[in-house]
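In listed order, ligands and their atoms are each counted from 1.
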Amino acid sequence: MTDTFLQGRTALVTGSTSGIGLAIARALANAGAQVAINGLGSQAQIDQARATVDAAGPGGTRHFDADLRDPEAIDAMMAELATWSKGGVDILVNNAGIQYAVPLHAMPVAKWNDILAINLSSAFHTMRSAMPAMAERGFGRVINVASVHGLVASKDKAPYVASKFGIVGLSKVAALEYAAQGSRASGGVTVNCICPGWVETPLIEPQIEARMAGGSRDDGIRALLSEKQPSLRMTLPEEIGALAVFLCRREAHNITGTAMPVDGGWTAQ
Ligand code: NAD
């Protein structure tokens, strides 16, 4: 039987029309939360994402179309969410992210700006808006989907690595500022990063294709894993969803300011 301990709670998951965000949105809904999704995509993709999240939980999922490069659009989304959730979301998952891999000297300035805006600044905007109400309620969870690239670097990913190190730092500051809010009984306000290694989603397709070398997609995946992820297994988006749900438990009140690798040993090397 599913434990619906998040019944009565509301959540926003950014970038949840696809990949890890969609899996987290489904997992939170499955635990009873009312979930707002956000992200780009065709109307069919958005409808499909909403239907999947509805099917996993209490229903009533809403899609917010804010483009996270635009601070004003984020503010408008957060204001609407405060009304929808009757006072502000209990769970904020900053997951949206993009990637572009070329050497530093060849990185287009527009890519740097977009990656920093989506992967880092959008979390600053959602957090500054959502966290004061979490403090008032004595319960709140901020889960930022960073990356192993928030802990170690790889070449050709300057803005991505900068944004992910940035979100780890931002999360630690917020964790300290809110650490004393609430109580064991209320669950407290915590801020953590999940730092995945390779997770099989559309985001890493170009990197798989680049390693196929005329072979199959499986060859490309094997080559990618063997470079850095010692388990030689991809993480599934659902496995990140399960960790996010655990972090929302009251028992997790003292897990804050962490950056948790889910990387098959990548950062242990
Ligand atoms: P994905 O491409 O499947 O999903 C990205 C989501 O972000 C989509 O919903 C997309 O619509 C949304 N998005 C992109 N630009 C946006 C914008 N301007 N405004 C609003 N939404 C926007 O990717 P994913 O692999 O699920 O990645 C999710 C997060 O996980 C990212 O932050 C990524 O950096 C991180 N991550 C992924 C991996 C991996 O191996 N897949 C590894 C480590 C970290």
Side-chain angles (χ1 to χ4, degrees), residues 12-27 35-46 48-50 52-53 63-74 76-78 93-101 110-111 113-123 125-126 143-154 157 159-168 170-171 193-208 220-221 224-225 227-229 231 233-241 243-244 259-264 266-267:
L12 166 66
V13 185
T14 69
S16 44
T17 49
S18 167
I20 295 171
L22 180 54
I24 293 175
R26 271 203 316 262
V35 180
I37 64 171
N38 154 264
L40 312 178
S42 66
Q43 193 56 48
Q45 188 183 6
I46 291 166
Q48 172 70 31
R50 210 173 43 209
T52 335
V53 178
H63 174 255
F64 289 80
D65 65 0
D67 183 325
L68 300 180
R69 286 171 297 190
D70 177 358
E72 283 179 16
I74 298 173
M77 170 174 74
M78 298 310 288
V93 182
N94 289 301
N95 162 81
I98 60 168
Q99 168 72 282
Y100 192 75
K111 285 287 179 199
N113 289 338
D114 282 355
I115 292 173
L116 267 289
I118 296 165
N119 297 15
L120 175 59
S121 299
S122 73
H125 294 300
T126 57
I143 299 170
N144 291 330
V145 180
S147 167
V148 284
H149 288 114
L151 303 169
V152 292
S154 293
K157 296 185 178 176
Y160 189 79
V161 171
S163 72
K164 297 301 187 178
F165 269 73
I167 201 166
V168 169
L170 167 68
S171 305
C193 283
I194 297 178
C195 298
W198 297 123
V199 186
E200 204 169 339
T201 72
L203 185 95
I204 65 165
E205 264 328 292
Q207 296 173 84
I208 294 174
I221 290 176
L224 194 61
L225 288 170
E227 283 170 22
K228 302 220 159 156
Q229 193 149 306
S231 67
R233 294 187 300 273
M234 286 276 178
T235 298
L236 300 178
E238 294 69 33
E239 293 161 359
I240 306 288
L243 176 55
M260 296 183 173
V262 184
D263 66 358
W266 181 329
T267 52

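- The heavy-atom pair separating Leu236 from Val199 by the smallest distance is C-CG1, 4.0 Å.
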Could you check ligand 1 for N or O atoms lying under 3.5 Å from protein N or O atoms and list the pairs with distances?
unit_1	atom_1	unit_2	atom_2	d
ligand 1	3 (O)	Ser18	OG	2.6
ligand 1	9 (O)	Gly15	O	3.2
ligand 1	9 (O)	Thr17	N	3.3
ligand 1	9 (O)	Thr17	OG1	2.8
ligand 1	11 (O)	Thr17	OG1	3.3
ligand 1	11 (O)	Leu40	N	2.9
ligand 1	11 (O)	Leu40	O	3.4
ligand 1	18 (N)	Asp67	OD1	2.9
ligand 1	19 (N)	Leu68	N	3.0
ligand 1	25 (O)	Thr201	OG1	2.4
ligand 1	26 (O)	Ile20	N	2.8
ligand 1	32 (O)	Asn95	O	2.7
ligand 1	32 (O)	Lys164	NZ	2.9
ligand 1	34 (O)	Tyr160	OH	2.5
ligand 1	34 (O)	Lys164	NZ	3.0
ligand 1	40 (O)	Gly197	O	3.4
ligand 1	40 (O)	Val199	N	2.7
ligand 1	40 (O)	Val199	O	3.2
ligand 1	41 (N)	Val199	O	3.0
ligand 1	41 (N)	Thr201	OG1	3.0

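- Across Leu12 and Met77, no two heavy atoms sit closer than the pair CD2-CE, 4.0 Å.
- To the nearest 0.5 Å, atoms OG1 (Thr52) and CD1 (Ile37) are separated by 8.0 Å.
- Every residue meeting the side-chain contact (heavy atoms from CB on, under 4.5 Å) condition with Ala73, not counting sequence neighbours, appears here in chain and number order: Ala66, Asp70.
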For residues 113-121, dump all side-chain donor-acceptor pairs below 3.5 Å to protein atoms at least two apart in sequence or in another chain.
unit_1	atom_1	unit_2	atom_2	d
Asn119	OD1	Ile98	N	3.0
Asn119	ND2	Ile98	O	3.1
Asn119	ND2	Ser163	OG	3.3

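- Listed by chain and residue number, Gln99, Ala101, His149, Ser154, Tyr160, Val161, Trp198, Gln207 satisfy the side-chain contact (heavy atoms from CB on, under 4.5 Å) test with Lys157 (two or more places apart in sequence, or in another chain).
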